[in-house]
Student: 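Below is the structure I would like to discuss, written out as structure tokens.
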Amino acid sequence: MILQALTQYYEDLLARGGIAAPGWAPAKISYALCLDEDGQLTQVVPTKDDVKKGKKAVLQPQSKPLPAPVKRASNIASNFLWDNSSYLLGIDQKGKPERSCECFAAAARLHHEILDGVDSPVARAILAFFDTWNVENAAEHPALAGQLDEITAGGNLLFRVNEAYPQEDAAIREAWQRRQSDRDKDAVEMQCLVTGREDEIAKVHPAIKGVRDAQSSGAALVSFNAPAFCSYGHEQNFNAPVGKYAAFAYTAALNHLLADKNQVQQIGDTTVVCWAEGADPVCQSLAVAAIFGGEAPGGLTDNALRTTLRCLAHGEPCDELAVDPNRTFYILGLAPNAARLSVRFFLRDSFGALMRNVNDHYERLEIVGGRYEMLPLWALLRETVNLNSRDKMPSPAMAGATARAVFSGGRYPASLLEGVMLRIRAERNITWGRAAILKAYYLKNPHEDCPKEVLTVSLNEESTNPAYTLGRLFSVYEATQQAANPGINATIKDKYFNAAAAMPASIFPVLNNLYQKHLRKLEPGIRVYYDKQVSALKGVLGEDYPPRMTLAQQGSFDLGYYHQTQKRYEGKKKEEKDNG
């Protein structure tokens, strides 16, 4: 299913002119070897552009559509029309001149095999270059003077003949396509599992680059490199027969997605890409903005994005962005695994259904005190992380399970709740994001100890839930202490919060005694204000407090504390506004 979806995406991109044709791929070129019509090297020209990274501008090689690269490790295999200095000049900085000569000879053979007999002045100039270039004295050539170290540092070089690039020459392109269509006499032909057509089976698939922490040279999504993975005597990828066309198409499509850094997202150790049927870029950008907090298409504000999300969630087309809610949409999560890639998750659904699930997720997260219109997935997962630790990465398993729950509309994983509760207990701090997660978790994963009456956007003063009321009472006790001791560095929350949430019967009598002491320090009017609140909450609780509380009850306690505290903050803000 994944390979089929990516192959179809490649064909959609090809129809839009957004990707190279089979046998072609983008390659980064640092220098152009300028040849005259006789194949003599006249000069070497840098082909780098100024690219802004942060506040700085850096030079980066130009990306050009060129004949697809060969796959090589330690073997010698040349690319056509482009390669590094070992293959096109016979020199490098590796201190192995014999190997460089072999690389140059391999490049010469390949270009003669493809270009011999091609009626093109550009082709004849390239062949003349290989026939006349003196590898032994290459470093002394005047065209390389002053920039030899940069040219031989490992960047890719490309031929240019009389200001014309060979990949743009019709006769050379035709010759390369003929080469691509030639089948190996010993090649195995079978029915391709992806396309269903008879095709030459790819023994090794092209590498996939751009997955964070995977091999920089590229990793494989489909690979068999040990007897334990093989069956019926098949070797390598003949165990899962994929035709050369499909192998090229799905890897080209995936590399195209991974190359767009504005669309690639990270969830823990998982690299996430998404795409729409028909290669609709608006759907892709809208999904990234809605789920991950990326830049919204069409310059939509956060409020407008939220409105658009609600429309799509109800199956209504978005006329402003021309988005069809019935369009099929895909989300793929990949994680590094040595020389291979692991599939963390793969989702296929209509775009409207995905947006409905995402919208429902945001509605569950809505809670007073929010700083943003929407809490993006990366920010949600960050609430489970100790930001003072060296490793600020959320648990990979938890992050992947949470993402699947958001995308599919399923139940949130218990590990998300555990991560949030751990941070609350460790830091004794209930942030907006953590309170939102508690509310969303128990709305989606109902529990009798954390009922709906406490899972409200703002304070529910009508709730009689004991755990929720205890959380509210703790907040009032803290407020009384702060009023009695302005500017106090450490409040009762720093010393008693965790114990109060877990063992109220043991801690609240202590807190009540402290409250009485704090109350005596206040002015009569303020004293009456706090005493009325405490009396009302105690009236709900009665005489007996729970000796112990479950994890769900502690969640109710935390929400009660958060809601009551936010109510206090709202009162302060209103008072400041009235005085101002």
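Just so we're clear, the structure is a prediction, and the values are computed from it rather than from any experiment. When reading the values below, keep in mind they use all heavy atoms of this one structure, side chains included, and skip hydrogens, waters and symmetry mates.
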Student: Give the minimum heavy-atom separation between Phe345 and Gly400, together with the two atoms involved.
Tutor: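 It is CD2-O, 4.1 Å.
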Student: Looking only at the side chains, is there a donor atom on one of Asn512 and Lys538 sitting less than 3.5 Å from an acceptor on the other?
Tutor: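 On atom types as modelled, these side chains qualify, holding a pair under 3.5 Å.
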Student: Which class fits the ring pair Phe292 and Phe407: parallel under 30°, tilted 30 to 60°, perpendicular over 60°?
Tutor: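 Taking Phe407 first and then Phe292, their aromatic rings stand perpendicular (interplane angle over 60°).
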Student: Taking the side chain as C-beta and beyond, is there a heavy-atom pair between Phe351 and Pro325 under 4.5 Å?
Tutor: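 Not in contact.
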Student: Please report the shortest heavy-atom distance between Ala467 and Met549, naming the atom on each side.
Tutor: CB-SD, 3.7 Å
Student: So, using ring-ring contact (aromatic ring centres under 6.0 Å, His included) as the criterion, who are the partners of Tyr496 when residues are at least two apart?
Tutor: none
Student: Residues two or more places apart in sequence or in another chain: which of them pass ring-ring contact (aromatic ring centres under 6.0 Å, His included) with Tyr442?
Tutor: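 For Tyr442 there are no ring-ring contact (aromatic ring centres under 6.0 Å, His included) partners, ignoring immediate neighbours.
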Student: Tell me whether the rings of Tyr515 and Tyr477 are parallel (<30°), tilted (30 to 60°) or perpendicular (>60°).
Tutor: tilted
Student: Let me know which of Glu462, Lys439, His563 forms a side-chain contact (heavy atoms from CB on, under 4.5 Å) with Thr456.
Tutor: His563
Student: What pair of heavy atoms forms the shortest contact from Ile488 to Gln481, and how long is it?
Tutor: CD1-NE2, 3.7 Å
Student: Is there a donor-acceptor pair closer than 3.5 Å between any side-chain N or O of Asp494 and the backbone N or O of Thr491?
Tutor: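 Yes; at least one donor-acceptor contact below 3.5 Å.
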Student: Do Arg348 and Thr328 make a side-chain contact, defined as non-hydrogen atoms from C-beta onward lying under 4.5 Å apart?
Tutor: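 Answer yes - side chains close enough.
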Student: Go through the steps to decide whether Leu309 and Met374 satisfy the test side-chain contact (heavy atoms from CB on, under 4.5 Å), and finish with yes or no.
Tutor: CA-CA 11 Å; Leu309 189 59; Met374 297 185 294; 4.1 Å; yes
Student: In Å, rounded to the nearest 0.5 Å, how long is the span from NE2 of His447 to OG of Ser556?
Tutor: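 Separation between the atoms: 9.5 Å.
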Student: Rounded to the nearest 0.5 Å, how far does CG of Asp280 lie from CD of Gln284?
Tutor: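 If we round to the nearest 0.5 Å, Gln284:CD and Asp280:CG are 9.0 Å apart.
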Student: By ring-ring contact (aromatic ring centres under 6.0 Å, His included), which residues pair with Tyr362, not counting sequence neighbours?
Tutor: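 Tyr362: no ring-ring contact (aromatic ring centres under 6.0 Å, His included) contacts found.
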Student: Give the C-alpha distance, both sets of side-chain angles, the deciding distance and a yes or no for side-chain contact (heavy atoms from CB on, under 4.5 Å) between Val406 and Asn357.
Tutor: CA-CA 6 Å; Val406 173; Asn357 293 333; over 6 Å; no
Student: Between Arg568, Gln533, Gln566, Lys567, which is the residue that forms a side-chain hydrogen bond (donor to acceptor under 3.5 Å, both in side chains) with Ser475?
Tutor: Arg568
Student: For the side chain of Glu453 and the backbone of Thr464, is there at least one donor-acceptor N/O pair under 3.5 Å apart?
Tutor: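 Side chain of Glu453 to backbone of Thr464: a pair is present.
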Student: Can you name the closest pair of heavy atoms from Pro336 and Asp269 and give their distance?
Tutor: CD-O, 3.6 Å
Student: Any ion pair linking Arg425 and Asp558 (charged N to carboxylate O, less than 4.0 Å)?
Tutor: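 Arg425 and Asp558: salt-bridged.
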Student: Over all heavy atoms of both residues, which pair between Asn460 and Arg472 is shortest? Give the atoms and the distance, please.
Tutor: O-NH1, 4.0 Å
Student: Val368 and Leu459: side-chain contact (heavy atoms from CB on, under 4.5 Å), yes or no, with the steps?
Tutor: CA-CA 8 Å; Val368 65; Leu459 178 65; over 6 Å; no
Student: Hey, what do you get for CD (Glu366) to CZ (Arg306), rounding to the nearest 0.5 Å?
Tutor: 5.5 Å
Student: Please find the pair of heavy atoms, one from Ala403 and one from Ile267, that lie closest to each other, and give the distance.
Tutor: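 Closest pair (atom of Ala403, atom of Ile267, distance): CB-CD1, 3.7 Å.
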Student: Taking the side chain as C-beta and beyond, is there a heavy-atom pair between Glu478 and Phe497 under 4.5 Å?
Tutor: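 No, their side chains stay 4.5 Å or more apart.
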Student: Can you find a heavy atom in the side chain of Arg382 that is under 4.5 Å from one in the side chain of Pro376?
Tutor: no
Student: Quick one: does Lys521's side chain get under 4.5 Å of Arg527's, heavy atoms only?
Tutor: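 With C-beta onward as the side chain, the pair stays apart.
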Student: Please check if any side-chain donor atom of Gln8 sits under 3.5 Å from a side-chain acceptor atom of Asp12, or the reverse.
Tutor: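 There is such a pair between these side chains.
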Student: Look up atom CD1 in Ile526 and atom OG1 in Thr480, then write down how far apart they are to the nearest 0.5 Å.
Tutor: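 It is 10.5 Å, given to the nearest 0.5 Å.
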Student: Donor-acceptor pairs are to be reported for all side-chain atoms of residues 270-277 against protein atoms at under 3.5 Å, with residues two or more places apart or in another chain.
Tutor:
from	atom 1	to	atom 2	distance (Å)
Thr270	OG1	Arg344	NE	3.4
Thr271	OG1	Arg212	N	3.2
Thr271	OG1	Gln266	OE1	3.0

Student: Under the rule for side-chain contact (heavy atoms from CB on, under 4.5 Å), what residues qualify as partners of Glu383, not counting sequence neighbours?
Tutor: Thr431, Arg434, Ile437
Student: Any side-chain heavy-atom pair from Gln263 and Leu257 closer than 4.5 angstrom?
Tutor: no
Student: Might you work through the side-chain hydrogen bond (donor to acceptor under 3.5 Å, both in side chains) test for Ser350 and Asn326, ending with a clear yes or no?
Tutor: CA-CA 5 Å; Ser350 69; Asn326 295 317; 5.5 Å; no
Student: With ring centroids as reference points, do Tyr10 and Tyr250 lie under 6.0 angstrom apart?
Tutor: no
Student: Counting distance only, does the side-chain N/O of Ser389 pair as donor-acceptor with the main-chain N or O of Asn386 below 3.5 Å?
Tutor: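 It does hold such a pair.
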Student: For Tyr330 and Phe346, what are the C-alpha separation, side-chain angles and deciding distance, and is it a side-chain contact (heavy atoms from CB on, under 4.5 Å)?
Tutor: CA-CA 7 Å; Tyr330 303 89; Phe346 178 63; 3.6 Å; yes
Student: Can you list everything that forms a side-chain contact (heavy atoms from CB on, under 4.5 Å) with Lys444? Sequence neighbours excluded, please.
Tutor: Arg364, Tyr412
Student: Looking at CG of Leu559 and CG of Asn465, how far apart are the two atoms once the value is rounded to the nearest 0.5 Å?
Tutor: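 The CG atom of Leu559 sits 10.0 Å away from the CG atom of Asn465.
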Student: If you count every heavy atom of other residues, nucleotides or ligands that lies below 6.0 Å from Tyr529 atom OH, does the total exceed 12?
Tutor: no
Student: If we only count heavy atoms from C-beta on, is the Val222 to Leu3 side-chain gap below 4.5 Å?
Tutor: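 Yes, close enough: below the 4.5 Å cut-off.
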Student: Step by step, work out the salt bridge (charged side-chain N to carboxylate O under 4.0 Å, His left out) result for Arg423 and Glu418.
Tutor: CA-CA 9 Å; Arg423 295 317 323 149; Glu418 292 166 358; over 6 Å; no
Student: Rounded to the nearest 0.5 Å, how far apart are CG of Leu312 and CG of Leu286?
Tutor: 6.0 Å
Student: I'd like to check Val534 versus Leu537 (side-chain heavy atoms, cut-off strictly below 4.5 Å). Are they in contact?
Tutor: no
